[in-house]
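Atoms within a ligand are numbered from 1 in the order they appear, just like the ligands themselves. It should be emphasised that the depicted structure is a prediction, and the values quoted were computed from it without experimental measurement.
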Amino acid sequence: MTQDRTPDRTAPDATAAEQDRREEELLGRVLRSFDGCADPRLRELMRALVRHLHAFLREVRLTEDEWWKAIEFLTRTGHVTDDRRQEFVLLSDTLGASMQTITINNRAHRDATEATVFGPFFVDGAPRIELGGDIGGGAPGEPCWVEGTVRDTAGAPVPGARVDVWEADADGRYDVQYGDDRTAGRAHLFTGPDGDYRFWAVTPTPYPIPDDGPVGAMLAAVGRSPMRASHLHFRVSAPGHRTLVTHIFVRGDALLDADTVFGVRESLVKDFERLPAGTPTPDGRAVDGTWSRTGFDIVLAPAGA
Ligand code: BEZ
Ligand code: FE
């Protein structure tokens, strides 16, 4: 007597096994489609992308309606992106992908200062100020004295390091968001012979990332705030050292645990001492009203670390 080996697809287990077999077979075919890719790194990236993408689709059992909504979301993201607005980077930021890429590529190295997101508001060609100068350029806000040193991981000072700094004003806006060509809240300076630096800025305040596009809609849909914790951006570069892009954050800021781009690192949270009106300033500058001060000692990793 011959045995019928055709699986009974009406049995629940057999149906599930057949479904799984079809999904696996498709995945295998897509993976094999990259076999002829001459660039081994591109092959690795594409195969891993497809593996993880298919795992996601299969894990959540994505409906065709949800797939279409995702396509529409990405289409809107593309449509609002131009030379001045990069909605894809904002998407990467709010999904933690930017911060994860930065973390991978700025490997922990002894006591080197941690890196964080670059953000969209850096502008090349910001003015140079001398040590003790003011980056404010008329930006509204409470004056803030910032000082520190730049050293290497052996503790040696790094004189002549370039320190770029930029920040939003007290109204939560960067100069470039006013659309009137002003330059305010940004400058660069060079460390002195002892690796020392100091400048006046404005006390950082919280502000929202641009949230009038699809990324803002995504944040609203999932009940997340578009706010960033108060911060001051730094980019520090010197020959022979890994360029550091980072911020400092204000200890006690209510948004430290809810920064919408996941940029906060505990090591970057600094005390900002608030000083009453009339308190003498470090450089004798006359300040109307309250002011604040903070310190940030920076350690650069060697290039290639
Ligand atoms: C910023 O800090 O400037 C920023 C970072 C990521 C997204 C939007 C803004
Ligand atoms: Fe910022």
Next item on the list: For the pair E18 and R21, evaluate salt bridge (charged side-chain N to carboxylate O under 4.0 Å, His left out) and give the outcome as yes or no after the intermediate values.
Entry: CA-CA 5 Å; E18 172 59 12; R21 186 198 65 75; 3.0 Å; yes
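Ring orientation note: the planes of Y207 and Y174 are nearly perpendicular, at an angle over 60° on the 30°/60° scale.
Between the side chains of W68 and E66, no donor-acceptor pair is found at a separation under 3.5 Å. With no hydrogens or angles considered, no side-chain donor-acceptor pair links E87 and T81 at under 3.5 Å.
Around the Fe ion (ligand 2), protein N, O or S atoms at less than 2.8 Å comprise Y174 OH, Y207 OH, H231 NE2, H233 NE2.
Residue A168 comes nearest to V202 through the heavy atom pair O-CG2, 4.0 Å, listed as atom of the first residue, atom of the second, then distance.
Considering R265, R228, K270 in turn, R228 is the only one that fulfils the side-chain hydrogen bond (donor to acceptor under 3.5 Å, both in side chains) rule with H247.
For the pair R173 and Y178, the cation-pi criterion (under 6.0 Å, within 45° of the ring axis) is fulfilled.
Between D169 and R182 there is no salt bridge, since none of the side-chain N atoms of the basic residue sits less than 4.0 Å from a carboxylate O of the acidic one. Taking a cutoff of 4.0 Å between a charged side-chain nitrogen and a carboxylate oxygen, K69 and E64 do not qualify as a salt bridge.
Sorted by chain then number, the residues whose non-hydrogen atoms approach ligand 1 to under 4.0 Å are L90, D93, G119, P120, F121, Y174, Y207, I209, R228, H231, H233, V261.
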